[in-house]
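Please read these numbers as outputs of a predicted model, since none were measured by experiment.
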Amino acid sequence: MQSEVTPPPRVLLVEAFYGGSHRQLIDLLKDHVDRCSVFTLPAKKWHWRARTGALYFSQTIPRCPSYRVLFCSSVLNLCELVALRPDLAPLKKVLYFHENQLVYPVRKDQERDFQYGYNQVLSCLVADEVVFNSHFNMDSFLSSIPSFMKKIPDHRPSHLDHLIRPKCQVLSYPLNLPDVSSFLPKHKLLRQPAAPSHVDDIITPQSERQELRANQETPWTEPYTDRGPPESQSPDPGPKAKCIGVVPDQVDPLHIVWPHRWEHDKNPELFFTTLTTLKERGLDFRLSVLGETFTDIPEIFSSSRTILDSHILNWGFLPTKEDYFRVLCQADVVVSTANHEFFGVAMLEAVHCGCLPLCPKALVYPEIFPDQYLYSTPEQLCKHLQNLCRRPDVARRHVVMVDTSSYFWSTLKSRFQSLLSMPEGS
């Protein structure tokens, strides 16, 4: 009996920063796209990966005549790689933007290293397909190119955005989320959608569904609108059927989760300042601060851990994904205070686990979350959390009106497969 001959690879997957969402995407493509070959660098020292990754890969990727497609993230300087390896130039080159360096926040504008954004522009000019994980990511990048190029002292290139725009498309980052039903507390199971796909399928009487759709007010904040009773007065719960999944009065304090990288661009200062204010006002809550840590951890984390110690349930990166999703399932509210977000995987993971989201009314968030989950000022965030601390049952009864299934890998798989395919005969 003859042994099967493994067909040669056709798709070259290259990731210069193989960690976090970058790693998850490469792993999904490797597992679900036929005939892939993968080359990566560990997710450390990001700046050096961006500067020198192309040279490293030019020496480690073997020459292979069967390659037809090259896929990489925008961390890699694709222009350098193709120049160093002319044999890769004829491939269909797909560049995926998890983030862009033209609007990535820095402490001061003079701290922005021109080279990183410049490399991304050059990579776009070389690529055949330029793919962004959100419209915010694409629009902010393209609209920033003209002003970014004005930083060049003289002899500036022009109209580069016009050359790049026709190559661009938006293809959301694909979520590959587990079934978390075994981790969910009873009150979340009671108000889960009947199917994992559409918010219209919520388990609730048809009359209630019609009332929810017809009522344009924010159900979970309704008792605390400016037209409601003063804060000193206990609001009348009234017809709470709008917060679906009736559960008994809940005595457990509100559980707030912050599942983001411990870096300044996620604005932990605002988050911890808000929670300190809640504590000073005598409000009770429980806190889980998750997310990855890197070399330089903002000082606010250590000082806030001391201040908020009596409220903390979980602190720091959890060792397994199972532990991570278990905590998200036990939490009530997930908060983002980010100054930078081009997609927001952690927020959607928490929503998948039944958390009510609170996000800035900026960046990518209005693209994903309805207005009722967005805040415009720090004061609004504090007020929302204050009200929920006083009435945690409101968060526990509310069905989040976000269809996470549109971001599932099962939904987006065919588009990624098409992106990494070549016409017949190529």
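Listed by chain and number, the residues in a ring pair (Phe, Tyr, Trp, His ring centres under 6.0 Å) with Phe97 are Phe132, Phe141 (sequence neighbours excluded). In this structure, the ring pair (Phe, Tyr, Trp, His ring centres under 6.0 Å) partners of Tyr116, at least two apart in sequence or on a different chain, are Trp46, His47. Evaluation of the ring pair (Phe, Tyr, Trp, His ring centres under 6.0 Å) rule for Tyr18 yields no partner, not counting sequence neighbours. Residues passing the side chain to side chain donor-acceptor pair (under 3.5 Å) test with His340, sequence neighbours excluded: Asp265.
Between Met401 and Tyr373, the shortest heavy-atom contact is N-OH, 2.8 Å. Minimum interatomic distance between Pro9 and Cys64 (heavy atoms only, all atoms of both residues): CG-SG, 4.0 Å. Closest approach of Val400 and Leu356 over heavy atoms only: CG2-CA, 3.8 Å. When all heavy atoms of Asn314 and Ser288 are compared, the pair lying nearest together is ND2-OG, 2.8 Å. Here the closest non-hydrogen pair linking Leu283 and Phe285 is O-CD2, 3.7 Å. Closest non-hydrogen pair, Arg156 versus Lys150, comes out as NE-O, 3.2 Å.
Checking Arg396, Arg286, His255 one by one against Asp332, the side chain to side chain donor-acceptor pair (under 3.5 Å) holds for a single residue, Arg396. Each of Leu358, Val335, Val333, Thr274 was checked for a side chain to side chain contact (heavy atoms under 4.5 Å, CB included) with His384, and the lone residue meeting it is Leu358. Exactly one residue among Ile145, Val121, Leu125 makes a side chain to side chain contact (heavy atoms under 4.5 Å, CB included) with Leu163. That residue is Leu125.
For the pair Gln380 (side chain) and Ser376 (backbone), a donor-acceptor distance under 3.5 Å is present. Within the 3.5 Å criterion, the main-chain N or O of Ser144 finds a donor-acceptor partner in the side chain of Ser147. Proximity of a side-chain donor or acceptor of Tyr375 to a complementary backbone N or O of Lys361 within less than 3.5 Å is not detected. Judged purely by atom type and a 3.5 angstrom limit, Asn77 has no side-chain atom pairing as donor or acceptor with the backbone of Ala54. Judged purely by atom type and a 3.5 angstrom limit, Lys93 uses its side chain to pair as donor or acceptor with the backbone of Leu91. Counting only distance, with no hydrogens or angles, the side chain of Ser134 and the backbone of Ser172 share no donor-acceptor pair below 3.5 Å.
For Phe301, the CZ atom is densely surrounded, since the number of other residues' heavy atoms within 6.0 Å is greater than 12. Within 6.0 Å of CG in Asp31 there are more than 12 heavy atoms belonging to other residues, nucleotides or ligands.
Using a 3.5 Å distance cut-off with no hydrogens or angles, the side chains of Thr337 and Asn267 do not pair a donor with an acceptor. When only modelled atom types and interatomic distance are considered, His260 and Ser336 share no side-chain donor-acceptor pair under 3.5 Å. If you check the side chains of Ser74 and Asn100, you find no donor sitting under 3.5 Å from an acceptor.
Note that CG of Leu81 and CD1 of Ile61 are 5.5 Å apart. Values are rounded to the nearest 0.5 Å. For the atom pair CG (Asn137) and CZ (Phe342), the distance works out to 5.0 Å, reported to the nearest 0.5 Å. Taken from CG in Leu25 to CH2 in Trp409, the straight-line distance is 7.5 Å, to the nearest 0.5 Å. Here the CZ-CG distance, from Arg305 to Leu287, works out to 10.5 Å after rounding to the nearest 0.5 Å. We find the CZ-OH distance between Phe317 and Tyr324 to be 9.0 Å, quoted to the nearest 0.5 Å. To the nearest 0.5 angstrom, His135 atom NE2 is 12.0 Å from Cys168 atom SG.
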Test Gln169 against Leu419 for side chain to side chain contact (heavy atoms under 4.5 Å, CB included), laying out the working first. CA-CA 11 Å; Gln169 62 174 293; Leu419 185 68; 3.6 Å; yes
Please step through ring pair (Phe, Tyr, Trp, His ring centres under 6.0 Å) for the pair Phe148 and Phe114, ending with a clear verdict. CA-CA 8 Å; Phe148 182 76; Phe114 181 84; 4.5 Å; yes
Salt bridge (Lys or Arg N to Asp or Glu O under 4.0 Å) between Lys279 and Asp284: does it pass, once the steps are laid out? CA-CA 7 Å; Lys279 178 182 175 69; Asp284 197 9; over 6 Å; no
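Classification of Asp393 and Arg397 as a salt-bridged pair holds, one side-chain N sitting under 4.0 Å from a carboxylate O. Salt-bridge check for Asp128 with Lys92: failed, with every basic side-chain N at 4.0 Å or more from each acidic carboxylate O.
Taking 4.5 Å as the limit, every side-chain heavy atom of Glu263 sits out of range of all side-chain heavy atoms of Glu292. Side chains of Pro157 and Ile152 form a contact here, defined as non-hydrogen atoms less than 4.5 Å apart.
Between Phe343 and Tyr407, the angle of the ring planes goes over 60°, which puts this pair in the perpendicular group of the 30/60° scheme. Ring geometry for Phe17 versus His22: interplanar angle over 60°, hence perpendicular rather than tilted (30 to 60°).
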Return all side-chain donor-acceptor pairs below 3.5 angstrom for residues 32-45, not counting sequence neighbours, or 'none' if the list is empty.
{"residue": "Arg35", "atom": "NE", "partner": "Pro8", "partner atom": "O", "Å": "2.7"}
{"residue": "Arg35", "atom": "NH2", "partner": "Pro8", "partner atom": "O", "Å": "2.9"}
{"residue": "Ser37", "atom": "OG", "partner": "Tyr67", "partner atom": "OH", "Å": "3.3"}

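Listed by first then second residue, pairs satisfying salt bridge (Lys or Arg N to Asp or Glu O under 4.0 Å) with a partner in residues 311-330 read Lys321-Glu349, Glu322-Arg326, not counting sequence neighbours.
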